[in-house]
Amino acid sequence: MCIRDRKYVKYVADKKAKSLIICGPPGMSKTYIVRRVFHFKGLTPGKDYWIAKGSSLGIIEAYTLFYKNRDRIIVLDDFDTPLRNEDMINMLKAITDSYSKRVLALPREILISSGEGGTEEQGVPEQFEFRGHLIIITNIEKKHIDRALLSRSPTIEVNFNTKEILEALQSLMKFINPDIHMEMKKEVYNYILELKKNSKIHLDFRGFKSAIEVRYCVPEHWKEMTKIIVNF
């Protein structure tokens, strides 16, 4: 994610934008970048924003989540499967719409067909005004995301190649595994550079983080394990 794209995350953090979709393959540090922007913006998790793993969210669970965090920034992480659900898409369209007042309602037929039960026991009304902001993080390619949802929300597609990741790591390295000494992280970085000279490798930010952890925890065999991590 380039500096220009991070500005969109800042717009949501500053509540200047209602929503943002960040998509792209796993291991691209999509969630990490959002957390980092929020951190430097002084936002507090649980108070200013809420991160929810969206892969297992059902309709009623999502509706309840939106209600309980209706004035916060909600980050739906790993939000792949729900983006293929028409009822979920309709809810997302309602809270990312351009209207000044965004009202979210859960039709009774969804309550009946979902088999998830009602919401009364949780103190959740059948409709409410959503005043918060939303970031959706997904591994789904932009071309496969619902077009109506894309029309309502700015969308950033993140997909770095190995060269771009290595370049980005030079500035991001100090933030990755901050408890591990920088010299050890540089040792891993330089070793991966050597591997890249002799063969095509596959590297992402998550893989680099794993290689650092291997170097720290398994010092005798970290090079062999790093080769496996980067598909050498």
Ring-face cation of Arg70 near Tyr67 (centre distance under 6.0 Å, axis angle within 45°):
yes

Does any donor atom in the side chain of Asn139 or Lys30 lie under 3.5 Å from an acceptor atom in the other side chain?
yes

For Asp179, is there any backbone N or O sitting under 3.5 Å from a side-chain donor or acceptor partner on Asn177?
no

Under 4.0 Å between a Lys/Arg side-chain N and an Asp/Glu carboxylate O for Glu194 and Lys197?
yes

Working for salt bridge (charged side-chain N to carboxylate O under 4.0 Å, His left out), residues Arg102 and Glu129:
CA-CA 6 Å; Arg102 294 165 288 160; Glu129 181 183 358; over 6 Å; no

Let me see the working for Met225 and Val218 under side-chain contact (heavy atoms from CB on, under 4.5 Å), right down to the final yes or no.
CA-CA 9 Å; Met225 296 181 72; Val218 195; 4.1 Å; yes

Determine whether the side chains of Ser153 and Ser19 contain a donor N or O and an acceptor N or O closer than 3.5 Å.
yes

Taking Ile201 as the fixed residue, which of Thr226, Leu193, Val230, Ile229 is the one that meets the side chain to side chain contact (heavy atoms under 4.5 Å, CB included) rule?
Val230

Can you name the one residue among Leu57, Ile135, Ile51 that meets side chain to side chain contact (heavy atoms under 4.5 Å, CB included) with Leu76?
Leu57

Would you kindly confirm whether Ile176 and Met182 end up in one hydrophobic cluster when ILVMFWY residues are joined by side chain heavy atoms under 4.5 Å apart?
yes

Is it true that Leu203 and Ile228 fall in one hydrophobic cluster, defined by side-chain heavy atoms closer than 4.5 Å?
no

So which of Asp78, Asp80, Thr81, Thr155 actually passes side-chain hydrogen bond (donor to acceptor under 3.5 Å, both in side chains) with Thr138?
Asp80

Basic-acidic side-chain contact under 4.0 Å: Arg152, Asp97:
yes

From His181, Lys223, Arg215, residue fulfilling side-chain hydrogen bond (donor to acceptor under 3.5 Å, both in side chains) relative to Glu187:
Arg215

